[in-house]
Amino acid sequence: MRAASAGNTARPRRPSHGAAAALPPGTRSSLPAQSGVRQQQENHSSRDAARRGLAQLRSQTRKRGGGVEALTRLGVLPRPMAALGAYRCIECNGEATELYRDYQRGVLRISICKSCQKPVDKYIEYDPVIILINAVLCKAQAYRHILFNTKINIHGKLCIFCLLCEAYLRWLQLQDSSQNTDPDDLIRYAKEWDFYRMFGIASLEQTSFFIGIFITLWWMTPEMLKRKSDFILLLKALLLSTYGKLLLIPAVIWEHDYTPLCLAFIKVFVLISNSQAIRVTLNLNRILPWVAIFFGLILENGVVCLFQKMGWDV
(Lines give C-alpha, C1' and ligand atoms only; values in the text may rest on other atoms or scores of the structure.)
Protein backbone atom coordinates (compact mmCIF):
# COMPACT_ATOMS: atom_id res chain seq x y z
CA MET A 1 0.00 0.00 0.00
CA ARG A 2 2.83 2.35 0.74
CA ALA A 3 4.46 1.51 -2.57
CA ALA A 4 1.25 2.22 -4.39
CA SER A 5 0.77 5.48 -2.63
CA ALA A 6 4.34 6.39 -3.38
CA GLY A 7 3.76 5.61 -7.02
CA ASN A 8 0.70 7.77 -7.05
CA THR A 9 2.53 10.65 -5.54
CA ALA A 10 5.31 10.31 -8.07
CA ARG A 11 2.96 10.91 -11.06
CA PRO A 12 2.74 14.55 -12.29
CA ARG A 13 -0.63 16.22 -12.00
CA ARG A 14 -2.42 17.51 -15.11
CA PRO A 15 -3.20 21.22 -15.08
CA SER A 16 -6.86 22.01 -14.70
CA HIS A 17 -8.81 24.47 -16.93
CA GLY A 18 -8.58 27.18 -14.35
CA ALA A 19 -4.82 26.87 -14.11
CA ALA A 20 -4.32 29.07 -17.15
CA ALA A 21 -5.85 31.96 -15.28
CA ALA A 22 -3.27 31.54 -12.56
CA LEU A 23 -0.37 32.09 -15.01
CA PRO A 24 1.68 35.21 -14.57
CA PRO A 25 0.81 38.17 -16.85
CA GLY A 26 4.08 38.08 -18.71
CA THR A 27 3.45 34.69 -20.38
CA ARG A 28 0.88 33.43 -22.97
CA SER A 29 -2.08 35.59 -21.88
CA SER A 30 -0.24 38.75 -22.94
CA LEU A 31 -0.31 37.80 -26.68
CA PRO A 32 -4.07 38.41 -27.31
CA ALA A 33 -3.84 41.66 -25.41
CA GLN A 34 -0.99 42.88 -27.62
CA SER A 35 -2.88 41.96 -30.83
CA GLY A 36 -5.98 43.80 -29.57
CA VAL A 37 -3.91 46.92 -28.87
CA ARG A 38 -2.40 46.78 -32.35
CA GLN A 39 -5.86 46.47 -33.98
CA GLN A 40 -7.14 49.44 -32.01
CA GLN A 41 -4.14 51.50 -33.10
CA GLU A 42 -4.77 50.57 -36.77
CA ASN A 43 -8.44 51.52 -36.47
CA HIS A 44 -7.54 54.87 -34.94
CA SER A 45 -4.98 55.56 -37.67
CA SER A 46 -7.49 54.66 -40.46
CA ARG A 47 -10.12 56.92 -38.86
CA ASP A 48 -7.63 59.77 -38.66
CA ALA A 49 -6.70 59.28 -42.33
CA ALA A 50 -10.39 59.26 -43.36
CA ARG A 51 -11.01 62.44 -41.38
CA ARG A 52 -8.04 64.16 -42.99
CA GLY A 53 -9.18 63.08 -46.46
CA LEU A 54 -12.72 64.30 -45.80
CA ALA A 55 -11.43 67.63 -44.51
CA GLN A 56 -9.24 68.01 -47.60
CA LEU A 57 -12.19 67.13 -49.89
CA ARG A 58 -14.38 69.71 -48.15
CA SER A 59 -11.75 72.40 -48.58
CA GLN A 60 -11.32 71.60 -52.28
CA THR A 61 -15.10 71.55 -52.76
CA ARG A 62 -15.46 74.97 -51.13
CA LYS A 63 -12.72 76.37 -53.34
CA ARG A 64 -14.58 75.13 -56.44
CA GLY A 65 -17.89 76.62 -55.35
CA GLY A 66 -19.41 73.61 -53.56
CA GLY A 67 -22.29 71.41 -54.61
CA VAL A 68 -22.60 68.42 -56.88
CA GLU A 69 -20.77 70.10 -59.76
CA ALA A 70 -17.64 70.52 -57.64
CA LEU A 71 -17.77 66.88 -56.60
CA THR A 72 -18.14 65.86 -60.22
CA ARG A 73 -15.12 67.93 -61.26
CA LEU A 74 -13.08 66.33 -58.51
CA GLY A 75 -14.09 62.89 -59.77
CA VAL A 76 -16.06 61.88 -56.67
CA LEU A 77 -19.40 61.58 -58.47
CA PRO A 78 -19.85 60.14 -61.96
CA ARG A 79 -20.75 62.45 -64.79
CA PRO A 80 -24.44 61.35 -65.16
CA MET A 81 -25.05 62.23 -61.50
CA ALA A 82 -23.86 65.79 -62.03
CA ALA A 83 -26.76 67.12 -64.06
CA LEU A 84 -30.02 66.47 -62.27
CA GLY A 85 -32.77 65.77 -64.77
CA ALA A 86 -30.34 64.94 -67.55
CA TYR A 87 -32.61 62.05 -68.54
CA ARG A 88 -36.35 61.42 -68.52
CA CYS A 89 -38.46 58.46 -67.53
CA ILE A 90 -40.23 57.19 -70.62
CA GLU A 91 -43.31 56.22 -68.61
CA CYS A 92 -44.10 59.27 -66.46
CA ASN A 93 -41.75 61.89 -67.99
CA GLY A 94 -40.09 62.33 -64.60
CA GLU A 95 -36.49 63.48 -64.30
CA ALA A 96 -33.76 60.91 -63.73
CA THR A 97 -30.06 61.16 -63.03
CA GLU A 98 -29.00 57.96 -64.82
CA LEU A 99 -30.39 55.29 -67.10
CA TYR A 100 -28.42 52.38 -65.70
CA ARG A 101 -25.78 51.60 -63.11
CA ASP A 102 -22.56 49.82 -63.97
CA TYR A 103 -21.37 47.36 -61.35
CA GLN A 104 -18.30 46.45 -63.43
CA ARG A 105 -17.41 43.05 -64.87
CA GLY A 106 -20.27 43.42 -67.37
CA VAL A 107 -22.98 43.70 -64.73
CA LEU A 108 -25.50 46.45 -65.57
CA ARG A 109 -28.77 47.29 -63.89
CA ILE A 110 -31.47 49.55 -65.31
CA SER A 111 -32.38 52.40 -62.99
CA ILE A 112 -35.85 52.54 -61.48
CA CYS A 113 -37.86 55.75 -61.58
CA LYS A 114 -38.60 57.18 -58.15
CA SER A 115 -42.00 58.51 -59.26
CA CYS A 116 -43.65 55.56 -61.01
CA GLN A 117 -41.37 52.73 -59.77
CA LYS A 118 -40.83 51.51 -63.33
CA PRO A 119 -37.63 51.23 -65.39
CA VAL A 120 -36.45 54.67 -66.46
CA ASP A 121 -35.78 53.60 -70.05
CA LYS A 122 -36.37 50.02 -71.13
CA TYR A 123 -35.42 50.87 -74.72
CA ILE A 124 -31.70 50.93 -73.90
CA GLU A 125 -31.88 47.12 -74.13
CA TYR A 126 -33.91 47.06 -77.33
CA ASP A 127 -32.72 46.73 -80.89
CA PRO A 128 -32.84 49.98 -82.94
CA VAL A 129 -35.27 48.37 -85.38
CA ILE A 130 -37.80 47.78 -82.59
CA ILE A 131 -37.35 51.36 -81.41
CA LEU A 132 -37.98 52.61 -84.95
CA ILE A 133 -41.13 50.50 -85.24
CA ASN A 134 -42.46 51.90 -81.97
CA ALA A 135 -41.65 55.42 -83.17
CA VAL A 136 -43.57 54.77 -86.41
CA LEU A 137 -46.49 53.65 -84.24
CA CYS A 138 -46.21 57.06 -82.49
CA LYS A 139 -45.69 55.65 -79.01
CA ALA A 140 -44.87 58.32 -76.46
CA GLN A 141 -42.30 56.08 -74.74
CA ALA A 142 -40.28 55.72 -77.95
CA TYR A 143 -40.42 59.48 -78.55
CA ARG A 144 -39.16 60.21 -75.02
CA HIS A 145 -36.33 57.73 -75.49
CA ILE A 146 -35.24 59.34 -78.75
CA LEU A 147 -35.66 62.97 -77.68
CA PHE A 148 -34.34 62.88 -74.10
CA ASN A 149 -32.23 59.77 -73.55
CA THR A 150 -30.21 59.56 -76.75
CA LYS A 151 -27.70 61.84 -78.40
CA ILE A 152 -28.95 62.20 -81.97
CA ASN A 153 -27.44 65.03 -84.00
CA ILE A 154 -29.03 64.40 -87.37
CA HIS A 155 -31.75 67.05 -87.09
CA GLY A 156 -30.31 69.36 -89.75
CA LYS A 157 -29.35 66.59 -92.17
CA LEU A 158 -32.74 64.92 -91.84
CA CYS A 159 -34.53 68.22 -92.41
CA ILE A 160 -32.54 68.97 -95.58
CA PHE A 161 -33.06 65.47 -96.94
CA CYS A 162 -36.83 65.64 -96.31
CA LEU A 163 -36.98 69.02 -98.03
CA LEU A 164 -35.09 67.57 -101.00
CA CYS A 165 -37.64 64.75 -101.21
CA GLU A 166 -40.54 67.19 -101.17
CA ALA A 167 -38.85 69.48 -103.68
CA TYR A 168 -38.22 66.54 -106.01
CA LEU A 169 -41.86 65.51 -105.81
CA ARG A 170 -43.07 69.02 -106.63
CA TRP A 171 -40.52 69.40 -109.40
CA LEU A 172 -41.62 66.09 -110.93
CA GLN A 173 -45.30 67.06 -110.78
CA LEU A 174 -44.51 70.43 -112.34
CA GLN A 175 -42.74 68.83 -115.27
CA ASP A 176 -45.50 66.25 -115.76
CA SER A 177 -48.08 69.04 -116.00
CA SER A 178 -46.36 70.55 -119.06
CA GLN A 179 -47.64 68.94 -122.27
CA ASN A 180 -45.05 70.44 -124.65
CA THR A 181 -42.61 67.99 -126.27
CA ASP A 182 -40.55 70.61 -128.06
CA PRO A 183 -36.76 69.96 -127.86
CA ASP A 184 -36.34 73.38 -126.32
CA ASP A 185 -38.74 72.36 -123.55
CA LEU A 186 -36.81 69.12 -123.04
CA ILE A 187 -33.64 71.15 -122.57
CA ARG A 188 -35.48 73.40 -120.15
CA TYR A 189 -36.74 70.27 -118.39
CA ALA A 190 -33.14 69.28 -117.69
CA LYS A 191 -32.35 72.58 -116.03
CA GLU A 192 -32.03 72.60 -112.29
CA TRP A 193 -33.46 76.03 -111.66
CA ASP A 194 -37.00 74.75 -111.15
CA PHE A 195 -35.80 72.17 -108.67
CA TYR A 196 -33.93 74.76 -106.62
CA ARG A 197 -36.96 77.01 -106.70
CA MET A 198 -39.16 74.20 -105.40
CA PHE A 199 -36.62 73.53 -102.68
CA GLY A 200 -36.76 77.17 -101.59
CA ILE A 201 -40.57 77.20 -101.62
CA ALA A 202 -40.73 73.99 -99.56
CA SER A 203 -38.26 75.46 -97.07
CA LEU A 204 -40.29 78.65 -96.67
CA GLU A 205 -43.52 76.70 -96.22
CA GLN A 206 -42.01 74.49 -93.52
CA THR A 207 -40.49 77.52 -91.79
CA SER A 208 -43.86 79.28 -91.75
CA PHE A 209 -45.47 76.10 -90.40
CA PHE A 210 -42.98 75.95 -87.52
CA ILE A 211 -43.36 79.67 -86.81
CA GLY A 212 -47.13 79.26 -86.55
CA ILE A 213 -46.64 76.39 -84.07
CA PHE A 214 -44.16 78.35 -81.95
CA ILE A 215 -46.35 81.46 -81.83
CA THR A 216 -49.44 79.46 -80.84
CA LEU A 217 -47.66 77.49 -78.11
CA TRP A 218 -45.94 80.58 -76.75
CA TRP A 219 -49.28 82.37 -76.60
CA MET A 220 -51.23 79.47 -75.02
CA THR A 221 -48.54 78.03 -72.70
CA PRO A 222 -45.91 80.73 -72.05
CA GLU A 223 -44.59 78.90 -68.98
CA MET A 224 -43.47 76.00 -71.18
CA LEU A 225 -41.27 78.13 -73.44
CA LYS A 226 -39.44 80.43 -71.05
CA ARG A 227 -35.85 79.58 -71.96
CA LYS A 228 -33.96 79.37 -75.20
CA SER A 229 -33.21 75.70 -74.57
CA ASP A 230 -36.96 74.96 -74.58
CA PHE A 231 -37.31 76.44 -78.08
CA ILE A 232 -34.27 74.53 -79.32
CA LEU A 233 -35.55 71.24 -77.91
CA LEU A 234 -38.98 71.75 -79.47
CA LEU A 235 -37.40 72.65 -82.82
CA LYS A 236 -35.28 69.49 -82.77
CA ALA A 237 -38.35 67.43 -81.91
CA LEU A 238 -40.31 68.93 -84.84
CA LEU A 239 -37.43 68.35 -87.25
CA LEU A 240 -37.10 64.72 -86.20
CA SER A 241 -40.84 64.15 -86.44
CA THR A 242 -40.84 65.07 -90.14
CA TYR A 243 -39.08 61.80 -91.01
CA GLY A 244 -42.32 60.61 -92.62
CA LYS A 245 -41.53 62.74 -95.67
CA LEU A 246 -38.89 60.18 -96.61
CA LEU A 247 -41.78 57.99 -97.78
CA LEU A 248 -42.42 60.43 -100.63
CA ILE A 249 -39.62 58.96 -102.73
CA PRO A 250 -40.92 55.35 -102.73
CA ALA A 251 -44.43 56.64 -103.44
CA VAL A 252 -43.12 58.43 -106.52
CA ILE A 253 -40.83 55.63 -107.74
CA TRP A 254 -43.52 52.95 -107.54
CA GLU A 255 -46.15 55.16 -109.10
CA HIS A 256 -49.66 53.77 -109.49
CA ASP A 257 -53.23 54.99 -109.56
CA TYR A 258 -53.37 55.46 -105.79
CA THR A 259 -50.34 57.76 -105.58
CA PRO A 260 -52.40 60.88 -104.59
CA LEU A 261 -54.04 58.88 -101.81
CA CYS A 262 -50.64 57.69 -100.58
CA LEU A 263 -49.33 61.26 -100.55
CA ALA A 264 -52.35 62.34 -98.50
CA PHE A 265 -51.72 59.54 -96.00
CA ILE A 266 -48.06 60.56 -95.73
CA LYS A 267 -49.11 64.15 -95.01
CA VAL A 268 -51.47 62.99 -92.25
CA PHE A 269 -48.78 60.73 -90.78
CA VAL A 270 -46.30 63.63 -90.62
CA LEU A 271 -48.88 65.80 -88.84
CA ILE A 272 -49.58 63.04 -86.30
CA SER A 273 -45.83 62.69 -85.68
CA ASN A 274 -45.54 66.45 -85.18
CA SER A 275 -48.40 66.39 -82.68
CA GLN A 276 -46.81 63.56 -80.71
CA ALA A 277 -43.44 65.33 -80.68
CA ILE A 278 -45.00 68.51 -79.28
CA ARG A 279 -46.96 66.57 -76.69
CA VAL A 280 -43.91 64.62 -75.48
CA THR A 281 -41.52 67.57 -75.46
CA LEU A 282 -43.75 69.98 -73.52
CA ASN A 283 -45.74 67.33 -71.61
CA LEU A 284 -49.08 68.64 -72.86
CA ASN A 285 -52.47 67.05 -73.40
CA ARG A 286 -53.65 65.83 -76.79
CA ILE A 287 -55.65 68.95 -77.75
CA LEU A 288 -53.11 71.77 -77.52
CA PRO A 289 -50.63 70.25 -80.03
CA TRP A 290 -53.39 69.92 -82.62
CA VAL A 291 -54.46 73.52 -82.05
CA ALA A 292 -50.88 74.66 -82.65
CA ILE A 293 -50.64 72.50 -85.78
CA PHE A 294 -53.92 73.97 -87.06
CA PHE A 295 -52.60 77.54 -86.81
CA GLY A 296 -49.33 76.39 -88.35
CA LEU A 297 -51.20 75.01 -91.36
CA ILE A 298 -53.10 78.29 -91.69
CA LEU A 299 -49.85 80.25 -91.84
CA GLU A 300 -48.35 77.75 -94.28
CA ASN A 301 -51.35 77.99 -96.62
CA GLY A 302 -51.11 81.77 -96.41
CA VAL A 303 -47.55 81.58 -97.72
CA VAL A 304 -48.70 79.26 -100.53
CA CYS A 305 -51.41 81.71 -101.54
CA LEU A 306 -48.84 84.50 -101.55
CA PHE A 307 -46.62 82.54 -103.95
CA GLN A 308 -49.58 81.81 -106.20
CA LYS A 309 -50.47 85.51 -106.36
CA MET A 310 -46.89 86.20 -107.39
CA GLY A 311 -47.41 83.86 -110.36
CA TRP A 312 -45.23 81.03 -109.11
CA ASP A 313 -46.20 77.42 -109.66
CA VAL A 314 -46.29 75.72 -106.25
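The figures that follow rest on heavy atoms only: side chains count, while hydrogens, waters and symmetry mates do not. We number each residue from 1, following the sequence as shown.
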For R109, all residues meeting salt bridge (Lys or Arg N to Asp or Glu O under 4.0 Å), sequence neighbours excluded: none

Sequence neighbours excluded, the answer for side-chain hydrogen bond (donor to acceptor under 3.5 Å, both in side chains) partners of E166 is R170, K245

Under the ring pair (Phe, Tyr, Trp, His ring centres under 6.0 Å) definition, can you give me all pairs with a residue in residues 124-160, not counting sequence neighbours? Y123-Y126, Y123-H145

Mind listing the closest non-hydrogen atom pair of A292 and T216 along with its distance? CA-CG2, 3.7 Å

Taking C-beta and beyond as the side chain, do S111 and L99 meet within less than 4.5 Å on heavy atoms? no

Assigning hydrophobic clusters by single linkage (Ile, Leu, Val, Met, Phe, Trp, Tyr; side-chain heavy-atom cutoff under 4.5 Å), is L297 placed with L204? no

Should I152 and L239 be counted in the same cluster of Ile, Leu, Val, Met, Phe, Trp and Tyr side chains packed under 4.5 Å apart? no

Do L233 and Y87 share a hydrophobic cluster, counting only Ile, Leu, Val, Met, Phe, Trp and Tyr and linking them when any side-chain heavy atoms are less than 4.5 Å apart? no

All side-chain hydrogen bond (donor to acceptor under 3.5 Å, both in side chains) counterparts of R279, not counting sequence neighbours: Q276

Applying salt bridge (Lys or Arg N to Asp or Glu O under 4.0 Å), can you list everything that pairs with E91, at least two apart in sequence or on another chain? none

Would L288 and I278 satisfy side-chain contact (heavy atoms from CB on, under 4.5 Å), going step by step from the backbone distance to the final call? CA-CA 9 Å; L288 288 179; I278 297 171; over 6 Å; no

Show the nearest heavy-atom pair for residues I146 and A135, with the distance to one decimal. CD1-CB, 4.0 Å

Test item: F195 and L172 side chains (from C-beta on) under 4.5 Å apart, heavy atoms: no

Distance (rounded to the nearest 0.5 Å) between C162 SG and K157 NZ: 14.0 Å

Other members of the hydrophobic cluster containing I112, with the 4.5 Å side-chain heavy-atom rule, please. none

CG of L246 to CZ of F161, rounded to nearest 0.5 Å, is 6.0 Å

CG on L164 to CG on L248, rounded to 0.5 Å: 12.0 Å

Within this structure, what is the CD1-CD1 distance for the pair I124 and I131, rounded to the nearest 0.5 Å? 9.5 Å

Going by side chain to side chain contact (heavy atoms under 4.5 Å, CB included), name the residues that satisfy it together with R227, two or more places apart in sequence or in a different chain. S229, D230

Neighbour count above 12 (heavy atom, 6.0 Å) for I287 CD1: no

What residues, two or more places apart in sequence or in another chain, satisfy side-chain hydrogen bond (donor to acceptor under 3.5 Å, both in side chains) together with S241? N274

Within the 4.5 Å heavy-atom criterion, are I213 and F295 side-chain neighbours or not? no

Would K236 and T281 count as a side-chain contact (heavy atoms from CB on, under 4.5 Å) if you check the C-alpha gap in whole Å, the side-chain angles of each, and the deciding distance to 0.1 Å? CA-CA 10 Å; K236 290 181 178 180; T281 304; over 6 Å; no

Can E223 and K226 be counted as an ion pair, charged N to O under 4.0 angstrom? no

Please determine whether side-chain contact (heavy atoms from CB on, under 4.5 Å) holds for the pair C159 and T242, giving the CA-CA distance in whole Å, both sets of side-chain angles, and the decisive distance to 0.1 Å. CA-CA 7 Å; C159 176; T242 57; 5.5 Å; no

Check side-chain hydrogen bond (donor to acceptor under 3.5 Å, both in side chains) between W290 and all other residues, then give those that pass, not counting sequence neighbours. S275

Please write out which residues are connected to I215 in a hydrophobic cluster, directly or through intermediates, given that two of Ile, Leu, Val, Met, Phe, Trp, Tyr count as joined at side-chain heavy-atom separations below 4.5 angstrom. I211, L299

Can you confirm whether C113 sits close enough to P119 that some side-chain heavy atom of one is under 4.5 Å from a side-chain heavy atom of the other? no

If you look at every heavy atom in V120 and A96, which pair is closest and at what distance? CG1-CB, 3.8 Å

Out of curiosity, does I133 fall in the hydrophobic cluster containing L247 (side-chain heavy atoms, cut-off under 4.5 Å, transitive links)? no

On a heavy-atom basis, the closest approach of F209 and L271 is CZ-CD2, 4.0 Å

Indicate if I298 and V304 have the same hydrophobic cluster label, given that clusters are the connected sets of ILVMFWY residues with side-chain heavy-atom separations under 4.5 angstrom. no

Can you pull the salt bridge (charged side-chain N to carboxylate O under 4.0 Å, His left out) pairs that have at least one residue in residues 118-143, sequence neighbours excluded? none

Side-chain contact, heavy-atom cut-off 4.5 Å: S273 with C138? yes

Apply the test side-chain contact (heavy atoms from CB on, under 4.5 Å) to residues L217 and L234: give CA-CA distance (whole Å), side-chain angles for both, the deciding distance (0.1 Å), then the verdict. CA-CA 10 Å; L217 291 175; L234 181 58; 3.7 Å; yes

For the CG atom of L147 and the CD1 atom of I90, what is their distance to the nearest 0.5 Å? 12.5 Å

Pairs in or reaching into residues 226-246: which pass ring pair (Phe, Tyr, Trp, His ring centres under 6.0 Å), with residues at least two apart or in two chains? F214-F231, Y243-F269

Starting at SG of C116, measure out to CG of N93 and round the result to the nearest 0.5 Å. 10.5 Å

